[in-house]
Amino acid sequence: MSERENPFAGLRPYDVEENYLFFGREKAVDELLLRLGRDNFLAVLGPSGSGKSSVVRAGLIPSLEGGQLRRAGPRWRVAIMRPGGDPFGHLADSLAGEELLGSELAPAQARAMMLSRLRRGSRGLSDLMGMSTLGKRENLLILVDQFEELFRFAQDQRDGIVDDEAASFVQLLLDAAESPTDRLYVALTMRSDFLGDCARYRGLAEALSQFMYLVPRMTRSERRAAITGPIAIETARAEPRLVSRLLNEADDAPDQLPVLQHALRQTWEAAAKDIERGKPLDSKHYVAAGRIAGALDQHAESALADLDDDGKDLARQVFQTITELGPDNRGIRRPTRLGTIAEITGASIAQVVAALEPFRREGRGFVMPRTREVPEPDAETVIDISHEALMRAWGTLNEWVRDEAESVATYRRLATTAAQFPDDPDWLYPDPALTAALGWRDTQAPRAEWGQRHEPNFEQALEFLDRSRDHRDAAAALAAAEAQAKLEAAQALAEAEANKALLAKRNARVTRVFLGIALLLLLFAGWAWNEAREKTKDAVAAQKQALGNLEIANAAQRGAETARNEAELAQEEAEDALGEAKAAQEAEALALADAEESAEEAKQAAK
């Protein structure tokens, strides 16, 4: 392992003592000094991951302590707090230390006294300043980091008294900025997407409008300084091509700064041995770390892999307790006491600490406080994720947060309905919402401590769910009985109908037999009719043929008679011709005889 310290903070903000590693925000720090020197109130706003906390902790505060605010001098006492679920209590905790306002009382007594003074009125801080051991040339800066927690605190409690307390805390800070002493300064950091919530408290929106400083995005040259500066402090170097690649892959998304810081921290760890040999950080170390796109997810998954199955399940519950999905679908932190986490999850404090240990240890720091800061947390230790960017870059946590949001939404719908209709049997939970709620209870097995955190009437809600289920089951049983009765009646009717059908079936069989016979007879009749029709056709044809033949015979007979008549006539004519021929023959013979006689006579005469 390298003897050099890893100079990159990772997801968490840079702290006051790490000022020497904080680069790239010099212009912003100068502007903060200018504004705080002009006014005693400063509101540093920016989107998640813009570096608000780092620029105040590692930039502004060291500059104040270095005497760069000339009118105030270099002597400063700084109280750093987060509102959480008890803003007055946390402010009293931050002020009660001897190095701050100081007191001869025991720490617990000093805290109680200060808490009483703070709650007494809006001039509480001025009163404590007057009672303190603060020197005449000493200044007090109260830094309220993550100021937006105040809005979540009031929203979670859903109580007018609690909301009044949040309003009183706001007024305490505003009045402190107008304190007659110019030694009291107030600074706060807040996510800019909560700016609209400021209108809930009188004077807050106006004060922020007047004293607000919106943290600008870092330029490329400023991001380059944030990369190369810490490396140079540790007498190491980075290849220019790696720096260019980091600058190109780190886009302008608001939460890219902590993600970039984490990727740099992991790249340094991957390059530790080469750094000791005098070699520079290079792209191979960056790729091994998972690059900007995957370094955080890869590192968080490796931490989760250090746990067994039970530990992983408990870690899921813990992360779901200290994170949530906001009204605008934005992931937000929800710092929670370790004792409360144990109550909600049903695990012991030791078990919760063991489940968190892989995420708190040095080199990871996904969960605050880190192991080296608080080795043995107790019930009062506040557990928090180091940055909201973890919720977006770690895919598993993103799924856990959304699953928890769905579970809370299901429970709140149930609890709201139960509160509206606690005893009215006509307003029980209907399906499909009832089935969904029962499935949610079976799979999530919610504890009362978990339910009370989101809606106060947990027992009432589950009792309402049971009554709704019993009512549905009773109605279903009654409907089933009615359905059974109807089924039995239907079965009896079906049997009767079946008997009728059987008889009808038998009759149908007989009918089919007769129909078959009838069909055969019909077919035979048709065949016979066709045969008769064909024979009739043949007979008609024969008759027509016979009539034709008869006509021909008659014609022939008539021709024969005509021929006979003609033959008889010819015979007669022949007979007449024969007679005439005989007569001619006789005449010819007579003529011949006459000729011979004449010849003879001529001969005689000649003689």
Side-chain angles (χ1 to χ4, degrees), residues 6-15 18-35 44-60 62-63 189 191-193 212-271 275 279-299 386-390 392-393:
N6 193 320
F8 297 103
L11 290 181
R12 65 173 179 82
Y14 280 96
D15 220 332
E18 295 173 314
N19 168 256
Y20 71 102
L21 296 172
F22 187 63
F23 290 85
R25 285 298 195 182
E26 291 78 13
K27 290 182 180 179
V29 173
D30 290 343
E31 183 65 24
L32 293 179
L33 285 168
L34 179 64
R35 290 173 182 248
V44 182
L45 274 66
S48 175
S50 59
K52 304 177 294 297
S53 296
S54 292
V55 78
V56 175
R57 289 172 178 260
L60 176 62
S63 296
T189 67
R191 279 173 54 172
S192 53
D193 46 340
M212 178 177 64
Y213 174 74
L214 187 63
V215 177
R217 290 184 178 181
M218 297 181 73
T219 64
R220 187 178 179 90
S221 62
E222 288 173 336
R223 291 202 302 270
R224 181 185 297 276
I227 295 170
T228 59
I231 295 174
I233 290 293
E234 292 296 329
T235 64
R237 58 194 176 91
E239 285 286 352
R241 61 185 177 185
L242 171 60
V243 177
S244 297
R245 184 173 184 179
L246 286 163
L247 291 172
N248 292 334
E249 293 189 12
D251 58 33
D252 289 333
D255 61 357
Q256 279 296 288
L257 286 179
V259 176
L260 171 62
Q261 283 285 322
H262 185 83
L264 283 166
R265 184 175 181 85
Q266 292 306 107
T267 301
W268 179 278
E269 293 296 327
I275 291 172
K279 296 181 179 180
L281 284 80
D282 204 344
S283 291
K284 64 181 180 181
H285 306 122
Y286 174 59
V287 171
R291 303 173 50 188
I292 289 176
L296 185 51
D297 183 80
Q298 177 178 307
H299 197 199
S386 52
H387 201 281
E388 287 95 343
L390 182 64
R392 293 180 284 278

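To the nearest 0.5 Å, atom CZ of residue Arg245 and atom CG of residue Leu247 are 12.5 Å apart. Of the inter-residue distances, the one linking Glu239 atom CD with Lys284 atom NZ reads 10.0 Å to the nearest 0.5 angstrom. The CD atom of Glu249 lies 3.5 Å from the OH atom of Tyr286; values are rounded to the nearest 0.5 Å. Summarising the geometry, atom CD1 belonging to Ile231 is positioned 5.0 Å from atom CG belonging to Leu281; distances are rounded to the nearest 0.5 Å. For the atom pair OG of Ser54 and CG of Leu257, the computed distance is 8.5 Å after rounding to the nearest 0.5 Å. With rounding to the nearest 0.5 Å, the separation of CD in Glu269 from CD1 in Ile275 is 8.5 Å.
The two atoms that bring Leu296 and Ala389 nearest to each other are CD2-O, 4.0 Å, heavy atoms only. Contact detail for Val56 and Pro62: the closest heavy-atom pair is O-CD, 4.4 Å. Summarising the geometry of Phe8 relative to Trp268, their closest heavy-atom pair is CE1-CE3, 4.4 Å, with the distance given to 0.1 Å. Closest heavy-atom contact between Ala263 and Ala289: O-CB, 4.4 Å. For the residue pair Pro258 and Gly49, the shortest heavy atom distance occurs at CD-O, 3.4 Å. When all heavy atoms of Ile227 and Pro230 are compared, the closest pair comes out as O-CD, 3.7 Å.
Considering only heavy atoms from C-beta on, Ile233 stays 4.5 Å or farther from Pro7 through its side chain. Inter-residue side-chain proximity for Val55 and Leu60 is flagged as unmet; no heavy-atom pair is nearer than 4.5 Å. Taking the side chain as every heavy atom from C-beta outward, Asn6 and Glu234 never approach each other to under 4.5 Å. Residues Arg57 and Phe22 have side chains not in contact (no heavy-atom distance under 4.5 Å, counting atoms from C-beta outward). Residues Thr228 and Phe23 are not in side-chain contact: their nearest non-hydrogen atoms beyond the backbone lie 4.5 Å or more apart. Put simply, the side chain of Leu11 does not reach to within 4.5 Å of the side chain of Gln261, judged on heavy atoms.
One N or O on the side chain of Lys52 and one on the backbone of Pro47 form a donor-acceptor pair closer than 3.5 Å.
A salt bridge between Arg191 and Asp193 is present, with a side-chain N of the basic residue lying under 4.0 Å from a carboxylate O of the acidic one. Ionic pairing of Arg12 and Glu18 is present here: one or more N-O contacts between side-chain nitrogen and carboxylate oxygen are shorter than 4.0 angstrom.
Ring pair His262/His299 is tilted by interplanar angle, where 30° to 60° counts as tilted.
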### Task
Please report the C-alpha distance between Asp282 and Arg241 in whole Å, then the side-chain angles of each, then the deciding distance to 0.1 Å, and finally whether the side-chain contact (heavy atoms from CB on, under 4.5 Å) criterion is met.
CA-CA 8 Å; Asp282 204 344; Arg241 61 185 177 185; 2.7 Å; yes
### Check against side-chain contact (heavy atoms from CB on, under 4.5 Å), Val215 and Leu45
CA-CA 6 Å; Val215 177; Leu45 274 66; over 6 Å; no
### Query
Passes side-chain contact (heavy atoms from CB on, under 4.5 Å), Ser48 versus His387? Steps please.
CA-CA 8 Å; Ser48 175; His387 201 281; 3.5 Å; yes
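Evaluation of the salt bridge (Lys or Arg N to Asp or Glu O under 4.0 Å) test over residues 20-34, restricted to residues two or more places apart or in two chains, returns Glu31-Arg35.
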